[in-house]
Every structure is written in structure tokens, then in C-alpha cells.
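Note on naming: letters A, B, ... go to the chains in the order of the sequence lines (proteins, then strands), and numbering restarts at 1 for each one. Heavy-atom basis, side chains included; hydrogens, waters and symmetry copies ignored.
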Amino acid sequence: MGKRLTRGFFSRSVHEVAPDLIGAVLLVNGVGGRLVEVEAYHHTDPAAHSFIGPTERNAVMFGPPGYAYVYRSYGIHWCMNLVCEPAGSASAVLIRAIEPTEGLAVMRRRRGVADERLLCSGPGRVCEALGVTRAHNGLALTAPPFAIFARKGDEEVIAGPRIGITKAMEKPWRYGLKGSRFLSKPFAPGATIVGKMPSRAR
DNA sequence: TGCCCGATTAACT
DNA sequence: GTTAATCGGGCAA
């Protein structure tokens, strides 16, 4: 396990934090695994919830970095974001897929499926498997029940268009671990290789 | 107050 | 490939 990430890690542009999160380990009450797919949402980005300005739902995005922004999706699922940058900038990283490594039995029970590849491959599935709900909205990522650890070695990170949005679809702000079996969707062949990102903990 | 629609998923045909 | 499920946010009225 790499070094525990502290608030400083998130006090950077969402475009730096998002690729750096690939390969990091996210645990909620000890359950979780390696981040293999995330998306960046910048406050100047029409696809971001914060683009319209502060509201009750997106308030956490306008707060300090290093906190969880959890929202209800399609009235059914929860989706989890990690707030970045200095307070007020309202940018966040959406967790889209995890390679499950810790608490497999718990995740299988919560999800009602046995296949590892279906446990955390999608933002709604991640929250169901890790037990993340509205109760986690606004909680610090650097304290229980959360724990995040930097990746240890270099990882080959690729980028491509984000999924499921209807605005700013041209922005290549979806990041993934190249070749992972646990992505919610494969990246297009020839997707941009961001490069071997060094492990980094700040 | 009412209406439309979404950073989704699973179960259909 | 298509669609139902399900609900709260955001905006028009």
C-alpha cells in the first residue's frame, strides 16, 4: 500500500489530481480497491454540476478540497466525487470504476452479484459496493470511514471522452488504467496515452 | 407548484 | 439496441 494521501494531494487542479488518482487505493470502512477509472469535472465546464453556481446539492463542491461530494443519480444510484483545488473553485473527480481488492465478500453481498468485474465497474456500482450514500456527502476523505493511498509504482494512464454526459462531450477528461479489466467501458483503441505517471503523494 | 431530465443500471427484445 | 425504474434539482410559470 502506498502513502496515505493528505489534503494537499487534492489542493491542485482537477486535471492534475484525476490522472494521479489512477492506481490509488480507495477504501470505505476497509472495503474497496484500486481506482482504475475517473473523470474530471472543472468548474468552468458546462458538464459540471457546479457550472451553474452554488446550490444546495453542489454545495460541497464549493467547499475545501479533500471532501466527498455524493449525489443521487437518476433517482436510483449514488455517485461519488473527490473535491479538488482551493476552496470555492468547485471542481471534482468522479469515481467511475475500482478494481476490487479489499472486502470482496462484503461487496458481493451489497451488490448481489458474484462476478468481480461487476462489483465496482460504474459510478453507481462503486457506491453500492463501498456502501457510499448521501450520509457520506461532505465528509473528509482523509479521515474514517475513508482512507486513500497513493499508487506505489508507475501506471500507464490513458484519457478519452467522458461517458454519459450531454455537454462538453469533446473534452478528453476521462482517465483510466490502460488494459484494466475493471473499466466501466473500454477506452477507444488508440486512446491518448497520458504517460507513465510517477507515484506521487503530497 | 409543475414539468423535464439526468455524471446510471439491469432487464428486456 | 431499447427501455423502465425512480426522484430530486433547477427552472418556468
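Using a 4.0 Å cutoff on non-hydrogen atoms, no part of residues 104-119 of chain A comes near DNA chain C. Contacts between residues 61-82 of chain A and DNA chain C, defined by a heavy-atom separation under 4.0 Å, are made by A/Y74, A/G75, A/I76.
Side chains of A/I163 and A/E37 form a contact here, defined as non-hydrogen atoms less than 4.5 Å apart.
A/R7 forms no cation-pi arrangement with A/F9, by the criterion of a distance under 6.0 Å to the ring centre and an angle within 45° of the ring axis. Judged by the 6.0 Å distance and 45° axis criteria, A/R162 is positioned over the aromatic ring of A/Y41.
Between A/R96 and B/dT8, a side-chain N or O to OP1/OP2 separation shorter than 4.0 Å is present.
Here the options are A/K152, A/E99, A/R34, the test is side-chain contact (heavy atoms from CB on, under 4.5 Å), and the partner is A/V25; only A/R34 passes.
A/Y67 is linked by a ring-ring contact (aromatic ring centres under 6.0 Å, His included) to nothing, counting only residues two or more places apart in sequence or in another chain.
What separates CZ of A/R125 from P of B/dA11 is a distance of 10 Å, to the nearest Å. In this structure, OH of A/Y175 is placed 19 Å from P of B/dA7, rounded to the nearest angstrom. Rounded to an integer number of Å, the gap from CD1 of A/I163 to C1' of B/dG6 is 15 Å. Spacing between atom CZ of A/F51 and atom P of B/dA7 amounts to 14 Å, rounded to whole angstrom units.
Taking atom C1' in both C/dG1 and B/dA7, one finds a spacing of 22 Å when rounded to whole Å.
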Show which side-chain atoms of residues 77-87 of chain A pair as donor or acceptor with protein atoms under 3.5 Å away, not counting sequence neighbours.
residue: A/N81; atom: ND2; partner: A/Y69; partner atom: O; Å: 3.3
residue: A/E85; atom: OE1; partner: A/S89; partner atom: OG; Å: 3.0
residue: A/E85; atom: OE1; partner: A/S91; partner atom: OG; Å: 3.3

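Salt bridge annotation for A/D20-A/R151: present, with a cationic side-chain nitrogen under 4.0 angstrom from a carboxylate oxygen.
The distance between the ring centers of A/H43 and A/F51 does not fall below 6.0 angstrom.
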Go through the steps for A/R111 and A/E128 under the test salt bridge (Lys or Arg N to Asp or Glu O under 4.0 Å), then give the verdict.
CA-CA 6 Å; A/R111 291 274 301 118; A/E128 188 171 36; 2.8 Å; yes
In sequence, state the C-alpha distance, the side-chain angles, and the governing distance for A/H15 and A/S13, and then conclude on side chain to side chain donor-acceptor pair (under 3.5 Å).
CA-CA 5 Å; A/H15 297 306; A/S13 163; 5.0 Å; no
Carefully, step by step, assess A/L35 and A/F182 under the rule side-chain contact (heavy atoms from CB on, under 4.5 Å).
CA-CA 9 Å; A/L35 301 180; A/F182 298 92; over 6 Å; no
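Rounded to the nearest 0.5 Å, atoms OG1 (A/T192) and CZ (A/R174) are 12.5 Å apart.
Mapping A/G124 and A/T166 onto DNA chain B via the closest heavy atom, the residue that lands nearer the 5' end is A/T166.
By the 30° and 60° cut-offs, the orientation of the rings of A/F146 relative to A/H136 is perpendicular.
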Please write out the pairs of protein N or O atoms and N or O atoms of nucleotides 9-13 of chain C separated by less than 3.5 Å, giving the distance to one decimal.
residue: C/dG10; atom: OP1; partner: A/T55; partner atom: OG1; Å: 2.7
residue: C/dG10; atom: OP2; partner: A/T55; partner atom: OG1; Å: 3.1

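Base pairing in DNA chain B yields stems of at least 3 consecutive Watson-Crick or G-U pairs, both distances under 3.5 Å, namely B:1-6 with C:7-12, B:8-12 with C:1-5.
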